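Heads up, the thing below is written out as structure tokens.
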Amino acid sequence: MSKPFFTRTALCLSIAGALAATGCGGSDGDEDSGAQGPGAPNADATVTPQAVTLNWDSVNGASYYRVSHDPDGSSGYSDISGELQATEFKAPLAAHLNNWADGRYLVEACNSNGCSASSDIYLEDQAIDAIGYLKAGSAQQKATFGFAMATSADGSTLAVGAPRFDIAEDAGTNSGAVFIFTAGDSGWQLSHTLENPAPDMGTDDLFGYSLAMSDDGATLAIGAPYEDSAGSGDADDNSTVDSGAVYIYQAGANSWQQQARLKASNAETQDFFGVRVALSADGSRLAASAPYEDSNASGVNGDQDDNSVDLAGAVYLFEQTGDNWSQQAYIKPSVPSWYDSPCFDPRPPGIECYSTTPSRFGYALAFADNGNMLAVGSPGDNSSSGGINGDAEDFKARSSGAVQILRYSDAGWAHTDFIKAAIPGINDEFGLSLSLSGDGTRLAVGAPYEDGAESGLEADASIIGEADSGAAYVFTYDGSWQQQQYLKAEENDEDNLFGWQVLLSGDGDILVAGTPRDDSDAIAIGDDWDNNLAPSAGAAYVYQLNGDSWALGNYLKASNTDANDTFGRTLALSRDGQTLAVTASGEDGNGTGVDGDSSTNSVIDSGAVYLY
């Protein structure tokens, strides 16, 4: 790609204030007019995961050096290094946010008579080198490493679930494990492996199916929704098949220790408690869901013993006091769930029938930072009443989906808002994924089975035509909720499942949306989304908020894209949005640990995580 040419004068004017007069060959008036600044340095850049390192030759006559960055090729250069004596400078690099086509760096050699700049340095050919590659401690078939992830606020601790990983390798137990990766000065390392603590090796428990981590990275919640014990007291009692459990771990100086094993207060067979978990920022409040729980109750702390609606779903709130955890609330949809009620044809003339589905309340969860606001996805909701706080008892849009907002006060938890897409669609499953900004004023929602026909940020939601292409929605709150944005993938194809997971940065200004059935065979970062050469390889889209408008940032792919890897299935994003992890739980590489071999596809569905 050709690069714009900037004259030396234009370049000088673009560099931030300190270069005026004495910088770029200027003079302060007191020097000999014949004095010369140093020559221009010969510089280059090397990209590694999450960093760019600039190197240059020493220049005779230079008193110091300075590195500057222009993020988009038009904003102008800004000093990012200060005055340097060394001939090397390492800068952080968020690969998913970087403008690979137009962003540029330069190095200046300076003395009292001025500065001389290197040629512009572009990184676009090194995008693939910016992607880290993580694997489990051992590569196992169908371990689905990356099925769940959670990160600390600063992005330096990453937990990765592999719910079909076997404690005894290849034993076929599907017991599950969680791998803890930490970042330090020398890069990422696999620091700990948490094995399923169940006394029977946790056969088929799928420990690591869901994860949540506190901001400081010291508290970790792990879901095992296929665990079989009857209650929290006796882990050896496996009489309640697939009732589910959640484990709480605390990080110590050199190890992680189990602090608690939690069960639902009405644990029953195949409720799958622990399918989703969420923690407040300080780690003292836990939400854990059982989307297949069967009570027909509604609201907060209703009848837990009713079992009349299969897959109605429930959410359980727990509080930590000291080292102990206790259940605080039992939360159901604001109105009772509908039954699974199909329509049968032929019907008598003039008889309308609207089929319905159970709510599956709790299929997605997110706290605002303080833990006093909770968003709950209910992808089976049937209301056709679009927008905010419409008729929750309407049942004319089967599985259109909804999100319900609850807030905590001295009086306890209460439902406050019922949120739907502006145009609900049958079987869209709006609410299958969701994310809240830290202050709870911005909400992103995925509807991966939405059928919109148009693509991009200007798509019209009323035009239908691509089944299960998927969509994402952004809502804002300023005393009431409003839908701000409807998003579609740039390559809007049938069965792509765009919005399978959505994540917001802490300030709500960065949005990432996974599309695990994207079919492009592109590699790394770019815009080659318009081919279908690698079915279900997967992708992720990064958006950034500019003022009141969202703009597409980057289209992300794996560094070793392959069909059926389902890259984009799960995401983890640091609070500042600078660290992003994307999983491909269907990836088949035989590597282990950090930056292992990614070229061999010999271990089916072992799974991988990619760092940006």
Side-chain angles (χ1 to χ4, degrees), residues 45-55 67 69 80-82 84 86 88-98 123 126-139 145-146 148-162 177-195 208 211-222 249-257 279 281-283 503 505-506 510 559 570-583 589 591-598 607-612:
T46 302
V47 169
T48 54
Q50 299 184 311
V52 54
T53 302
L54 294 106
N55 292 276
V67 178
H69 180 219
I80 61 171
S81 68
L84 301 170
E88 179 179 286
F89 179 72
K90 187 175 183 179
L93 179 67
H96 57 295
L97 302 178
N98 188 55
L123 307 180
Q126 300 186 64
I128 193 170
D129 299 320
I131 303 172
Y133 177 70
L134 306 181
K135 297 283 288 185
S138 64
F145 174 82
M149 287 193 298
T151 185
S152 58
D154 65 3
S156 66
T157 303
L158 177 69
V160 182
V178 175
F179 299 87
I180 309 294
F181 295 84
T182 53
D185 292 340
S186 59
W188 286 87
Q189 64 174 345
L190 174 58
S191 58
H192 297 91
T193 299
L194 306 182
E195 298 178 345
L211 298 171
M213 184 175 282
S214 60
D215 272 9
D216 63 3
T219 301
L220 178 65
I222 303 174
Y249 281 77
Q250 292 287 334
N254 299 301
S255 64
W256 287 79
Q257 300 295 325
L279 281 169
D282 67 0
L503 275 185
S505 58
I510 298 170
S559 52
T570 308
L571 311 169
L573 187 66
S574 61
R575 175 179 290 278
D576 63 4
Q578 298 297 303
T579 299
L580 171 67
V582 184
T583 69
T592 60
V594 179
D595 293 329
D597 180 14
S598 63
V609 171
Y610 301 82
L611 287 172
Y612 294 82

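Since we're looking at a predicted model, the values are computed, not measured.
- Under the rule for a side chain to side chain donor-acceptor pair (under 3.5 Å), the partners of Asp215 that lie at least two apart in sequence or sit in another chain are Arg575.
- For Thr570, the side-chain contact (heavy atoms from CB on, under 4.5 Å) partners are Met149, Gln501, Thr583, not counting sequence neighbours.
- In terms of the ring pair (Phe, Tyr, Trp, His ring centres under 6.0 Å) criterion, residue partners of Phe179 (sequence neighbours excluded) are, by chain and number, Phe145, Phe165.
- When all heavy atoms of Ala212 and Leu279 are compared, the closest pair comes out as O-CD1, 3.4 Å.
- Taking Gln50 as the reference, Trp188, Thr579 meet the side chain to side chain donor-acceptor pair (under 3.5 Å) condition, with sequence neighbours excluded.
- With sequence neighbours excluded, the residues that form a side-chain contact (heavy atoms from CB on, under 4.5 Å) with Gln189 are Thr182.
- Pairs engaging residues 128-137 under the salt bridge (Lys or Arg N to Asp or Glu O under 4.0 Å) rule: Lys135-Glu587 [sequence neighbours left out].
- For the side chain to side chain donor-acceptor pair (under 3.5 Å) test, residues two or more places apart in sequence or in another chain that qualify with Tyr610 are Asn560.
- Shown here for Gly217 and Ala251, the closest heavy-atom pair between the two residues is O-CB, 4.3 Å.
- No side-chain donor-acceptor contact under 3.5 Å links His192 to the backbone of Val178.
- Take Asp576 and apply the side chain to side chain donor-acceptor pair (under 3.5 Å) test, not counting sequence neighbours, and it matches Ser574.
- The shortest non-hydrogen separation linking Asp154 to Thr157 is OD1-N, 4.4 Å.
- Judged as a side-chain contact (heavy atoms from CB on, under 4.5 Å), and not counting sequence neighbours, the contacts of Ile80 are Val67, His69, Phe89, Ala91, Tyr105.
- When all heavy atoms of His96 and Gln578 are compared, the closest pair comes out as CE1-O, 3.2 Å.
- Side chain of Gln126 to backbone of Val52: no donor-acceptor contact under 3.5 angstrom is found.
- Annotation: side-chain contact (heavy atoms from CB on, under 4.5 Å) contacts of Thr151 (sequence neighbours excluded): Leu158, Ala572.
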